[in-house]
Amino acid sequence: MSAEARSGARAAAVPSSRLARLGRLGAMTAGVAGDMALNGAAQAVRGRRPAWRDLLMTPGNITRVADQLAHMRGAAMKVGQLLSMDAGEVLPPELAEIMGRLRADAHFMPPRQLRQVLDREWPKGWRSAFARFDLTPMAAASIGQVHRARLKDGPELAVKIQYPGVARSIDSDVANVGALVKMTGLLPEGFDLTPYLAAACEQLREETDYELEGRRLTAFRERLAGDDRFVLPERVEAWTTERILAMTYVEGEPIEAVAAQPQAERDRVAHALTDLLLAELLRFGVMQTDPNFANYRYDPATGRIVLLDFGATRELDGEVARLYRALLTAGRAGDRSELARLAEQIGFVDADTAPAHRETVFAMIGAIFDDLRASPVLDYAATDLPDRMQRQGMALAETGFVPPPLPIDVLYLQRKFGGMFLLLSRLKARVAAGELLDMHLGR
């Protein structure tokens, strides 16, 4: 075996037993409480009345919480990632900062723990089949880490290895992190965390089944067969288990590298990604719902987009897909009354939403389509739509708006749309989005 150095990477054993993971959370909570007590006492001595929010969200406590959740990985880290993307518009800045920091991939299993996992999952003597196996991963995330390897009599591989104990600890991790978030007292009054925790549990149960992910990867390869804009790895059945997914290695750079390409190439890549997103929603009925930038790479030699990580793939509920098709159709036609009716059916507002809040939500949705109709090309580098949406969303939250619990498929769709918008903005791309949308809608 060989090892490669990775800048900024740190090896840290993943706590695999429920007791160890509970202990980690307990120690973190105790540390936060201790820090609050010390700071509160210091302020009291100086004659100041300490504020709970200020005591809780000190730089030290923010670092302590984020580092511990990142060290535990698994469900603990996934809850943070889901909250930071799905509820970012209603979370206070302090919680959003903690959750947003969990996107880093600095921690990975040390070699000894890695070997233990491999020895448990693969047949005895597996090392003799490999000409090389890099101990330092190419990438590490909430569920597992990916290593590059080469078989003696086969292709170069990307081997995705699940952290030990993640699958067994899903329910307890999610419940404990949910309790921690609620303990902060920083959630908006009336905000229901339950659907986000349930979504994290459901997604994790599927993502920890690597054999299922392998089948989803194969299905997506078949859907995109013949489309030379994209390239996907191929599952290597002989080395895939429930906890290890072996795939052919596909060369590529981070998708953000496209930002350095000429405008025409940036536009071409963005057009392809938008086309794929609409095809998933309106034609396939199946969507890879994790918009993490790391799930997309770019091969500058061929111009192809590399698609990775199908653990968060979902078969969309037929009724939800129908409602979105109708919403997109109404939006393109500029039918505000139909947009409002469909927005309520999807669940963006409900019977308890105040009239003023309802109108603001409907106006925000309408503004998105107004921009699409205003110009044949959507310039992601120039549009101020995200800033407008953020300002209006924050204003809604400040006036007491609490979004109703959304259906799970809607949560994931909104997550994917938002993530794709961020990616295309990063690429400073221009896309004939209206024309593409019309093509998929058959208009």
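Predicted, not measured: the structure shown is a model, and the values here were computed from it.
A distance of 5.0 Å separates CG of Asn295 from CD of Gln288, quoted to the nearest 0.5 Å. Here Asp309 contributes atom CG and Lys160 contributes atom NZ; the two are 3.5 Å apart, rounded to the nearest 0.5 Å. Here the CG atom belonging to Leu212 is positioned 13.0 Å from the CZ atom belonging to Phe310, to the nearest 0.5 angstrom. For the atom pair OG1 (Thr302) and CZ (Arg229), the distance works out to 13.5 Å, reported to the nearest 0.5 Å. Rounding to the nearest 0.5 Å places CD of Gln162 at 4.5 Å from OH of Tyr210. Residue Phe133 holds its CZ atom at 8.5 Å from CG of Leu157, rounded to the nearest 0.5 Å.
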* To do: List the steps, then state whether side chain to side chain contact (heavy atoms under 4.5 Å, CB included) holds for Trp239 with Ile244.
  => CA-CA 8 Å; Trp239 295 96; Ile244 294 179; 5.9 Å; no

* **side chain to side chain contact (heavy atoms under 4.5 Å, CB included) between Leu308 and Val146, worked out** => CA-CA 11 Å; Leu308 302 171; Val146 182; over 6 Å; no

* **Residue pair Glu213, Arg216: steps toward the salt bridge (Lys or Arg N to Asp or Glu O under 4.0 Å) verdict** => CA-CA 5 Å; Glu213 181 179 347; Arg216 288 170 166 170; over 6 Å; no

* Output, in order, the C-alpha distance, side-chain angles, deciding distance and verdict of side chain to side chain contact (heavy atoms under 4.5 Å, CB included) for Ile305 and Leu276. => CA-CA 11 Å; Ile305 302 162; Leu276 177 60; over 6 Å; no

* Asked: Can Leu413 and Leu316 be said to form a side chain to side chain contact (heavy atoms under 4.5 Å, CB included), step by step?
  -> CA-CA 9 Å; Leu413 283 170; Leu316 301 176; 4.1 Å; yes

* Are Tyr298 and Glu265 close enough, and set up right, to give a side chain to side chain donor-acceptor pair (under 3.5 Å), and what steps lead you there? -> CA-CA 11 Å; Tyr298 173 73; Glu265 179 64 0; 2.7 Å; yes

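Scanning for side chain to side chain donor-acceptor pair (under 3.5 Å) contacts around Arg215 gives an empty result, with sequence neighbours left out. Under the side chain to side chain donor-acceptor pair (under 3.5 Å) criterion, Thr194 pairs with Asp192, sequence neighbours left out. Applying the side chain to side chain donor-acceptor pair (under 3.5 Å) criterion to Glu338, with sequence neighbours excluded, gives Arg341. Judged as a ring-ring contact (aromatic ring centres under 6.0 Å, His included), and not counting sequence neighbours, the contacts of Tyr324 are Phe417.
Between the Arg314 side chain and the Asp409 main chain, no donor and acceptor come within less than 3.5 Å of each other. For the pair Asp134 (side chain) and Thr136 (backbone), a donor-acceptor distance under 3.5 Å is absent. Between the Ser375 side chain and the Asp371 main chain, no donor and acceptor come within less than 3.5 Å of each other. Side-chain atoms of Thr240 do not come within 3.5 Å of backbone N or O of Leu245 as any donor-acceptor pair. Remark: the backbone N or O of Arg426 is not paired with any side-chain donor or acceptor of Glu256 at under 3.5 angstrom.
Thr353 has its side chain out of reach of Val361: every pair of non-hydrogen atoms, C-beta onward, lies at least 4.5 Å apart. Using a 4.5 Å heavy-atom cutoff, the side chains of Leu114 and His147 are in contact. Contact check for Arg336 versus Asp370: side-chain heavy atoms found under the 4.5 Å cut-off. Between Pro233 and Thr248 there is a side-chain heavy-atom pair separated by less than 4.5 Å. The closest side-chain heavy-atom distance from Ile368 to Leu385 is below 4.5 Å. Inter-residue side-chain proximity for Arg243 and Arg120 is flagged as unmet; no heavy-atom pair is nearer than 4.5 Å. The closest side-chain heavy-atom distance from Tyr296 to Val306 is not below 4.5 Å. Counting heavy atoms from C-beta on, the side chains of Asp290 and Arg415 come closer than 4.5 Å.
The stretch residues 292-308 participates, sequence neighbours left out, in no salt bridge (charged side-chain N to carboxylate O under 4.0 Å, His left out) pair at all.
When every heavy atom of Arg358 is checked against every heavy atom of Asp350, the shortest pair comes out as NH1-O, 3.1 Å. Across all non-hydrogen atoms, the minimal contact from Thr383 to Pro386 is O-CD, 4.1 Å. Nearest heavy-atom pair, Ala131 versus Lys152, reported as atom, atom and distance to 0.1 Å: N-CG, 3.6 Å. Listed here is the closest heavy atom pair of Met138 and Ala158: CE-CB, 4.0 Å. Between Leu135 and Pro111, the closest heavy-atom pair is CD1-CB, 4.1 Å. Here the closest non-hydrogen pair linking Glu207 and Ala312 is OE2-CB, 3.9 Å.
For Glu315, the CD atom is loosely surrounded, since the number of other residues' heavy atoms within 6.0 Å does not exceed 12.
Seen from the ring of Tyr249, Arg148 counts as a face-on cation partner, given the 6.0 Å and 45° thresholds. Geometrically, Arg223 engages Phe220 in a cation-pi contact defined by less than 6.0 Å to the ring centre and at most 45° from the axis.
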List the atom pairs, donor and acceptor, that lie under 3.5 Å between side-chain atoms in residues 427-442 and the rest of the protein, sequence neighbours left out.
residue, atom, partner, partner atom, Å
Arg430, NE, Asp267, OD2, 3.4
Asp438, OD1, Arg332, NE, 2.9
Asp438, OD1, Arg443, NH1, 2.9
Asp438, OD2, Arg332, NH2, 2.9
His440, NE2, Asp275, OD1, 2.5

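Asp119 has no carboxylate O lying under 4.0 Å from a charged side-chain N of Arg115, or vice versa, which leaves the two without a salt bridge.
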